[in-house]
Number of protein chains: 2
Amino acid sequence: MEKKNYTSQDVAEVAGVSQSTVSRVFAGNTNVSEKKRKKILAAAEKLGYKPNAHARSLITRKTMMIGIVMRNIRNPFYSAVLEIFHNRFSALGYHLIFINSENEEIQESEVTQLLEYNIEGVIITDALLSSSASEKFKRHGIVVVLFNRYTEQLESSAVFCDNYLAAKQIATYLVELGHQSFAFVSGPSDTSTTIDRLKGFKEVLQERGITNLMIEPGNYTFESGFKAAQELMTRNKNIDCIFCGNDIIALGVMDAIRTIGLRIPEDVSVVGFDNIRMAEWPSYSLTTWEQPLEEMVDKTVELLVSEIGDTNAQPQIVMMKGHLVVRNTVKSRK
Amino acid sequence: MEKKNYTSQDVAEVAGVSQSTVSRVFAGNTNVSEKKRKKILAAAEKLGYKPNAHARSLITRKTMMIGIVMRNIRNPFYSAVLEIFHNRFSALGYHLIFINSENEEIQESEVTQLLEYNIEGVIITDALLSSSASEKFKRHGIVVVLFNRYTEQLESSAVFCDNYLAAKQIATYLVELGHQSFAFVSGPSDTSTTIDRLKGFKEVLQERGITNLMIEPGNYTFESGFKAAQELMTRNKNIDCIFCGNDIIALGVMDAIRTIGLRIPEDVSVVGFDNIRMAEWPSYSLTTWEQPLEEMVDKTVELLVSEIGDTNAQPQIVMMKGHLVVRNTVKSRK
DNA sequence: GTGTAAAATGAATACGCATTCATTTTCTAT
DNA sequence: ATAGAAAATGAATGCGTATTCATTTTACAC
C-alpha cells in the first residue's frame, strides 16, 4: 500500500496529458475537452489524487481559511456561536482555525500564527483585541470583524446587539412592574457588552429617580453569578430584582437565591441576557433578552466575505435589536 | 501604507544577505553568525516579515495542522473537550481545524477538505467514522485517533472510558441501594458509548435476576432526555431509578420528572454520565460518572503526536476508568 | 606564520500547483 | 473545400520557502 501523495504531474502521466490540463480540471476551469476530463478524473480516482491546498494557495493567494477567536467556549452562548459560524463558513468553502484565547486579550503568538497561515479573515468573539494585534492584522491585509463586541476607535467592523437599548428596555420593564431595589451582576468591566448593558440599565433608573442599585462584578460564568448573588443578598436583604450580565450568570444567581431559601420570582425577580437554550429549561424558565444569533452570524459572515473581496472597504458597524423573552422569573410587585 | 506581504527575499536584500540565510534564521537553524542574525531580525522587523506557512509546509511536509471533528459542540462535555484539546495542541505548536459534522457520519466533502490541507492528524470525537473515510485518511498517511469512541475493526487508535465497567458499577450501586424498577435512557443506538453502557447495565441486572428494565431511546440532548422521562413515567409509574446515557440527558430527565410533580431522589433516583460542570449546579446536584477528561485528552494527544512521527505505528486502544461522583440524586430504598 | 577543521554563506534546486503565452486542434460560416 | 475564429492544449514560469552542495570565511593548533 503506497502512502505517496500523488501530484497533478503523476495524474498527467497516467492520463497521458500535461500537468496544466490536470490543473485546469481541478481548478474548475472549463477549457478542457470532455474526453480528457474523463480520462483525468479516472486517473485521479485510481491514484487517489487530491490537490494540495497549500501549493494552490501559494499561487492563488487565497487560503480559504478563517480564524475564529473565542475565550469562553464553555459558555453555551459561544458554543452555539461557533456551531453556527462553522455551518455558514463551511457552506462557503471556508475553513475555521479555532483559537481559544486563554487570556483576556488575544496573545501575540496567536496573532503571529494566524498571520503565518495567511488566513483571509478573523472573527473575534469574546476576546479582546489589542490595538497592536489589530494593527498587525490590518498591516497584512487580514480582515477583522468583531462579533458581539466593538472598539471605540472603529478600526474594524463589528456586529453586535444594541446592548444599551436592550438594557434600557429591561430596566423599564422591571420598574414598571413595581420593583424597588435593583441589582446588576456584571461581566468583566472592560468589555463593551458589560459597559453598555450597565449604562442603559443605570440611565433608566436615574431617570425614574431610583438610586438603590447595587452592582456586583462577575465574569460571565455560573460560579461568578452564584457568588455575586450570595454577596448581594447578604449585603442587602431588600433586593427584589437582579439583572444579570448574561444568562449563565443568571442561572448561577438563581441557584444561589434558591439555596438561601428565597423563591424566584416571588421574593426576587431575575433577568438574564442571551437566551441560551438552558434559559428555557423548566428548572430555570428564565426571562431574558434574546440576541438574534443567527442574523448576527449571517451579518458577520456577510461583512467578512465582502471585505475579503474589497481591499479598501471601510469598517462597518452593525447593531441589531433582539427582544425580551418573558418566562417565569419576573413577578409584578404592584 | 503598504499591504505587500514581504518575503524572505525582501528581507535578504534589506539585510544584505542571501535568502538562504534568512530562511536559516526563521527555521531556527543555528548555523548563522550572530552579526547577520541581528541584521536579519532587524530587517524583518522593519518590513513586518513573517514566514509563509504554506510555502514552508510544501518543503517540510509538515503542516502543523490537526483536524478535530465534533458533532454536538452544544453538549457541554464536548465544549470542554474542545477547550482542552486546543490548549494542549496549541502548546505543541499545532493548529486546530474545527469541523462540526452536521450529520452522524463525517461527510465525504469534509474528509476531502481535510485531506487537501494535508492535516497531519485528525481527532474524531462524537461523530462516526465511516470505513470509507477511515481508509482515505489512512491512504494519505493521516493519523486518526478516536476520542470517547472506538470501532470494532481496530483500524485506528482510540481513547475512551471503560463504559462497560462503569455501567456495571453504576448498576451495582443502584441495585445494592434497593432499587427495584429500572430504566435506561440511551444515546444513539449505534455509538459504542451507548452500546457499552447499556450492556454493562443490563448484565448486572440479569445477574441479579432483575428483569424490569425499560429502555428509552435518546440522542444525548436535554430535549430527548425530557421526552424520554415523560414517556417512561407515563408508561410505568413504578420506576424508581433512571440511568441516563449522559449528563445532559439526565438534566432533561430530572426536569421532566419534577414537572410531573415527582421528587428526586425521593420518588426517583437519577444517575448521569460524564460529570459536566452543570452536574454540580445546586438545582441538579447530579450523581454521575466522572470521565477523566484531562487524562483522556492528554493520552489522545500523546498517541496522535507519536503516531505522526512514526509511519508504521500500530493502532492502540487506551481504556480509562473514571469513578462515580455521588451527589444528591440517588436515595437508598432499603 | 602555515595548515587544517569547523562554521558560515550563497547559488541552485524542488516542493505542487495555477497561469500566461504560444501553438495546435476543432468548429463555423462561406 | 477553405478561411477565420474559437477552443483546447502544453511548455514554461513563479508562488515563498527549506535544503543540498560547493565555496568562502573563521577558528584553532602548532
Side-chain angles (χ1 to χ4, degrees), chain A residues 3-41 43-44 47-65 112-113 115-120 140-141, chain B residues 3-41 43-44 47-65 112-113 115-120 140-141:
Chain A
K3 271 199 182 174
K4 179 166 166 22
N5 275 321
Y6 292 100
T7 70
S8 55
Q9 182 60 46
D10 297 323
V11 176
E13 282 164 18
V14 172
V17 298
S18 73
Q19 180 268 327
S20 318
T21 308
V22 175
S23 171
R24 285 191 183 97
V25 169
F26 283 92
N29 190 317
T30 49
N31 284 342
V32 178
S33 68
E34 204 49 41
K35 208 177 72 182
K36 297 215 170 175
R37 175 191 305 276
K38 275 192 180 144
K39 261 191 176 174
I40 289 169
L41 288 177
L47 259 41
Y49 166 79
K50 51 167 190 41
N52 180 318
H54 305 283
R56 172 179 285 172
S57 81
L58 219 47
I59 298 183
T60 61
R61 300 181 167 285
K62 292 195 138 295
T63 58
M64 299 307 281
M65 290 178 14
T112 306
Q113 289 174 5
L115 289 179
E116 292 187 0
Y117 277 95
N118 277 0
I119 56 164
E120 299 187 31
H140 289 281
Chain B
K3 271 198 180 174
K4 180 166 165 26
N5 275 319
Y6 292 100
T7 71
S8 55
Q9 182 61 44
D10 297 324
V11 175
E13 281 164 19
V14 172
V17 299
S18 72
Q19 180 269 327
S20 317
T21 308
V22 175
S23 171
R24 286 190 182 99
V25 169
F26 283 92
N29 191 315
T30 48
N31 283 342
V32 177
S33 67
E34 203 50 41
K35 209 176 70 181
K36 299 214 169 177
R37 174 189 306 277
K38 275 191 180 145
K39 261 192 176 173
I40 289 169
L41 289 177
L47 259 40
Y49 167 77
K50 51 168 189 40
N52 181 318
H54 305 282
R56 174 179 283 171
S57 80
L58 218 48
I59 299 185
T60 60
R61 301 180 167 283
K62 292 195 137 295
T63 58
M64 300 307 280
M65 288 176 19
T112 306
Q113 289 174 4
L115 289 179
E116 291 187 359
Y117 277 96
N118 277 358
I119 56 164
E120 300 187 31
H140 290 282

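Here is the naming used below: chain letters follow the sequence lines, and residue numbers restart at 1 for every chain. In this text, all values refer to a predicted model and were calculated from it rather than measured experimentally.
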For Y49(B) and dT17(D), is the shortest distance between a side-chain N/O and OP1 or OP2 below 4.0 Å? yes
With rounding to the nearest 0.5 Å, note down the distance linking OG in S8(A) to CZ in F26(A). 9.0 Å
Starting at CD of E13(B) and ending at P of dG16(D), how long is that distance when rounded to a whole Å? 13 Å
Set out, line by line, the N/O atom pairs under 3.5 Å between protein and nucleotides 6-11 of chain C.
residue, atom, partner, partner atom, Å
dA8(C), OP2, N31(B), OD1, 3.2
dT9(C), OP1, S33(B), OG, 2.8
dT9(C), OP2, S33(B), N, 2.8
dT9(C), OP2, S33(B), OG, 3.4
dG10(C), OP2, S18(B), N, 2.9
dG10(C), OP2, S18(B), OG, 2.9
dG10(C), OP2, T21(B), OG1, 2.7
dG10(C), N7, R24(B), NH1, 3.4
dG10(C), O6, R24(B), NH2, 2.6
dA11(C), N7, S20(B), OG, 3.3
dA11(C), N6, S20(B), OG, 2.9

Protein-nucleotide distance (L58(B), atom CG; dT17(D), atom P), rounded to Å: 12 Å
Could you go through I40(B) and V11(B), starting from their C-alpha distance and side-chain angles, then the distance that decides it, and tell me whether this counts as side chain to side chain contact (heavy atoms under 4.5 Å, CB included)? CA-CA 7 Å; I40(B) 289 169; V11(B) 175; 4.1 Å; yes
Can you tell me how far C1' of dT19(D) sits from CD1 of I59(B), to the nearest Å? 7 Å
Under 4.0 Å, heavy atoms only, any strand: does K35(B) hit a base, just the sugar-phosphate, or nothing? nothing
Whole angstrom value for the distance that separates C1' of dC15(C) from CG of N52(A): 9 Å
Separation between CD (Q19(B)) and CZ (R24(B)), nearest 0.5 Å, reads 9.0 Å
Just the rounded figure in Å: distance from P of dG16(D) to CG of N118(A). 9 Å
Considering only dC15(D), dT17(D), dT19(C), which nucleotide approaches the side chain of S23(A) most closely? dT19(C)
What is the distance, to the nearest angstrom, from the CG atom on D10(A) to the C1' atom on dA14(C)? 14 Å
How long is the gap from CE on M64(A) to CD on E116(B), to the nearest 0.5 Å? 11.0 Å
Between N118(A) and H54(B): side-chain donor-acceptor atoms closer than 3.5 Å: no
Is it true that S23(B) and S20(B) share a donor-acceptor pair across their side chains at a distance under 3.5 Å? no
Check whether any side-chain nitrogen or oxygen of T60(B) sits under 4.0 Å from OP1 or OP2 of dA18(D), and answer yes or no. no
Ignoring backbone atoms, test whether R61(A) places a side-chain nitrogen or oxygen under 4.0 Å from the OP1 or OP2 oxygen of dG16(D). yes
Starting at NE2 of H54(A) and ending at P of dA18(C), how long is that distance when rounded to a whole Å? 14 Å
Nearest-Å distance, CZ (F26(A)) to P (dT19(C))? 15 Å
Working note: T112(A) + L115(A), criterion side chain to side chain contact (heavy atoms under 4.5 Å, CB included); need CA distance, chi angles, decisive distance, verdict. CA-CA 5 Å; T112(A) 306; L115(A) 289 179; 5.5 Å; no
